[in-house]
There are 2 protein chains.
Amino acid sequence: MAFAGIVTYSFRMPASRPNDDERALRPQSDSPPALCTACEARHRGVCGALDGEQLAELARASHLQVIEEGAELIGDAERVESYSNVLSGVVKLTKTLPDGRQQIVGLQFAPDFLGRPFREESTIGASAATTVSLCSFPKSTVERMMREQPQLENRLLRQALDELDDAREWMVTLGRKTAAEKIASFLLMIARNIAPRAAGAGETASFDLPLTRSDIADFLGLTIETVSRQLTKLRIDGIIRIENNRRITIENVVRLAGRAGD
Amino acid sequence: MAFAGIVTYSFRMPASRPNDDERALRPQSDSPPALCTACEARHRGVCGALDGEQLAELARASHLQVIEEGAELIGDAERVESYSNVLSGVVKLTKTLPDGRQQIVGLQFAPDFLGRPFREESTIGASAATTVSLCSFPKSTVERMMREQPQLENRLLRQALDELDDAREWMVTLGRKTAAEKIASFLLMIARNIAPRAAGAGETASFDLPLTRSDIADFLGLTIETVSRQLTKLRIDGIIRIENNRRITIENVVRLAGRAGD
DNA sequence: CGTAGAGTTGATAAGGGTCAATGGTGGTGG
DNA sequence: CCACCACCATTGACCCTTATCAACTCTACG
């Protein structure tokens, strides 16, 4: 059941036909494919390393997938035959102990690259925290391009180092922060990824949590009860508003940051 | 006092003079510099990506440092002007919260590469857990070579991905394991890095802990008292022998692994 | 031989886990 | 349109693991 809930489209399916206007705007053969021009990965993601021709080649080999909430993308220790870019939604990376204890070890947002080069099988599981759309490529195509275009490897190195910084930041949270500090740090991290404008300067920020209470607990090394209690505490203290289970408003970003422990 | 306790040598200092026999063995101008031939980093580390000429050039710009136990290599948020290879000893990577709580977020052994490309200042602190020897290069030389030799970037990407796997492995340990499991996991990890032979197949393994109880606590998100109590418990159960504060013998690797939670 | 620093051990307390009951909310079918 | 159910989240009572505080031991070193 690994791919339950995954719908796959081809980039050349009828729904994505370019119309005459679009064609007229990019007549050259090495201009970016129509579907790449609006893609975040083309600018901030790994595809930014490719020239027009390479991008066209990759687009020809790629396909769009829409994965519904909860579906598994990659099982632990499963052989992986493709890489992907996250186009929208949130992917959670998980590790599970033999007795079932689970830890979320990372979250991926658009336009992150999803996959583990240089390893036959993945060491972690990946699943859709929300509905996710992915642009997936065959492993072999990406690996050939890495050899032809060093810029691509450079982009992957930059993302790997950023993820490493994130992982180490969370090690501090997991190892040394209290439950209250963990929740505050988590809300701030989500806000910065989902509503960067508001979280940066503004005093308030509203967003839908991409995770259930159970996921948040698995991310912070807590139980769902503790997560719930700490959210309630922040609500009573007037720092957040809980519109419904998923939707949160941070009433005062500065005060919340003051409770994150750093 | 950032560099207290650091002794610096040049690679061309008298103590490292090549004798006639060594010269005779490698007459070509692009053969590896004498001091690189015996270096682990030349084979398993990043230097393996360089050809003879590049290696010679890098060696000319590099210098050997011996850092005594406890000395700080890089302060948090400090500007870094050089990269290094770890030649021997153990470097601990730390993060500290404003109120002083500390978390060790990684350990580096020979022949790991030390440094954070693409960032002006480091986001973590680094200090010598044991006496450490480093081979250091100017930032600019390494960065130019990264552009000239894509293989170098490939090596860095591989190391970054390995470190990311390690960091995520420890996130599980920090977030979901009990104190007893944390200590068992830690001892196994150290044994695998310091005494790989014995830890792999053998039933017993002896080694010197590269960390104090306080460091172990900071690595595992515990207090020194809990670390001490759990070590005592393993000793009483006949799984380890504590020769002295630093030296440990794992009497039964299999039984210890059974207590690591995975 | 005395002191300092690291480690151990013990008593107590608190933070967060566990177990159990209750409270929303969204989806389905009558 | 409403009632019911399933699932998620909240709240409460209690307990356990680990932190905290304190005393003591051991070893290295002058």
Side-chain angles (χ1 to χ4, degrees), chain A residues 5 68-70 92 97 99-103 129-131 173-187 208-237 240-248 259 261, chain B residues 5 68-70 92 97 99-103 129-131 173-187 208-237 240-248 259 261:
Chain A
E68 71 188 23
E69 188 175 326
K92 58 183 182 185
L97 295 176
D99 65 2
R101 282 175 287 176
Q102 202 170 55
Q103 176 69 45
T130 64
T131 299
T173 302
L174 289 170
R176 288 300 183 204
K177 290 190 184 174
T178 64
E181 291 169 336
K182 286 177 178 183
I183 293 290
S185 303
F186 170 76
L187 291 175
D208 280 320
L209 287 174
L211 303 183
T212 63
R213 299 291 186 272
S214 172
D215 285 336
I216 298 172
D218 284 347
F219 193 47
L220 298 175
L222 300 170
T223 59
I224 58 172
E225 292 94 332
T226 300
V227 170
S228 181
R229 279 187 252 269
Q230 295 299 336
L231 286 173
T232 301
K233 192 155 182 299
L234 288 174
R235 177 174 55 73
I236 289 172
D237 293 352
I240 64 171
R241 202 144 24 94
I242 301 178
E243 319 282 1
N244 61 50
N245 281 348
R246 284 299 181 110
R247 189 154 197 88
I248 298 278
R259 298 201 175 196
Chain B
E68 70 189 22
E69 188 176 325
K92 57 182 183 188
L97 294 176
D99 65 2
R101 280 175 290 176
Q102 203 172 51
Q103 175 70 44
T130 65
T131 299
T173 301
L174 289 170
R176 288 301 184 204
K177 290 188 183 175
T178 64
E181 291 170 334
K182 286 178 177 181
I183 294 288
S185 302
F186 170 75
L187 291 175
D208 280 320
L209 287 174
L211 302 183
T212 63
R213 299 290 185 275
S214 171
D215 284 338
I216 298 172
D218 284 347
F219 193 48
L220 297 175
L222 300 170
T223 59
I224 58 172
E225 293 93 331
T226 300
V227 170
S228 180
R229 280 187 249 270
Q230 294 300 335
L231 286 172
T232 301
K233 192 153 182 300
L234 288 174
R235 177 173 57 72
I236 291 172
D237 292 353
I240 64 172
R241 203 147 21 96
I242 302 179
E243 319 282 1
N244 61 48
N245 282 348
R246 282 301 181 109
R247 190 155 196 84
I248 299 277
R259 298 201 175 196

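Just so it is clear, the structure is predicted and the values come from calculations on it, not from any experiment. The sequence lines fix the lettering, A, B, ..., with proteins before strands; numbering per chain opens at 1.
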Enquirer: Looking only at atom types and distance, does a side-chain atom of Arg235(A) sit under 3.5 Å from a main-chain N or O of Ile240(A), one as donor and one as acceptor?
Expert: no

Enquirer: Got a second to check how far Leu222(A)'s CG is from Thr178(A)'s OG1, nearest 0.5 Å?
Expert: 9.5 Å

Enquirer: What integer distance in Å separates Ile248(B):CD1 from dG7(C):C1'?
Expert: 12 Å

Enquirer: Which whole-number value in Å describes the distance from Leu209(A) CG to dT25(C) P?
Expert: 15 Å

Enquirer: Before accepting this row, confirm whether a basic side-chain N of the pair Arg259(A)/Asp237(A) lies closer than 4.0 Å to the acidic partner's carboxylate O.
Expert: yes

Enquirer: So, Gln103(B) side chain and Phe219(B) main chain: donor-acceptor pair closer than 3.5 Å or not?
Expert: yes

Enquirer: Just how far is it from atom CD1 of Ile216(A) to atom CD1 of Ile183(A), taken to the nearest 0.5 Å?
Expert: 6.0 Å

Enquirer: Quick check: does any side chain N or O of Thr232(B) sit under 3.5 Å from a backbone N or O of Ser228(B), one acting as donor and the other as acceptor?
Expert: yes

Enquirer: Whole angstrom is fine here: how far is it from CG in Leu211(B) over to P in dG7(C)?
Expert: 10 Å

Enquirer: Measure the spacing between CZ of Arg247(A) and CG of Asn245(A) and express it to the nearest 0.5 Å.
Expert: 13.5 Å

Enquirer: Let's see if you get this right: which residues in residues 214-229 of chain B place a heavy atom under 4.0 Å from DNA chain C?
Expert: Glu225(B), Ser228(B), Arg229(B)

Enquirer: From CZ of Arg213(A) over to P of dG23(C), roughly how many Å is that when rounded to an integer?
Expert: 18 Å

Enquirer: In whole angstroms, how far is the C1' atom of dG7(C) from the CZ atom of Arg247(B)?
Expert: 19 Å

Enquirer: Does any non-hydrogen side-chain atom of Lys177(A) lie less than 4.5 Å from one of Leu220(A)?
Expert: no

Enquirer: In whole angstrom, what separates Asn245(B)'s CG from dT9(C)'s P?
Expert: 11 Å

Enquirer: Keeping the roles fixed (side chain from Arg229(A), backbone from Ile224(A)), state whether a donor-acceptor pair exists under 3.5 Å.
Expert: no

Enquirer: Heavy atoms of chain A, cut-off under 4.0 Å: which first and last nucleotide of DNA chain D, 5' to 3', fall inside that, if you could look?
Expert: dA9(D) to dA13(D)

Enquirer: Looking at residues 174-185 of chain B, who's got a heavy atom less than 4.0 Å off DNA chain D?
Expert: Thr178(B), Ala179(B)

Enquirer: What's the spacing between Lys92(B) NZ and Thr212(B) OG1 if we round to 0.5 Å?
Expert: 6.0 Å

Enquirer: Once you apply a heavy-atom cut-off of 4.0 Å, does Arg235(B) come out as touching a base, just sugar-phosphate, or nothing?
Expert: sugar-phosphate

Enquirer: Starting at CG of Leu209(B), measure out to CG of Leu231(B) and round the result to the nearest 0.5 Å.
Expert: 7.5 Å

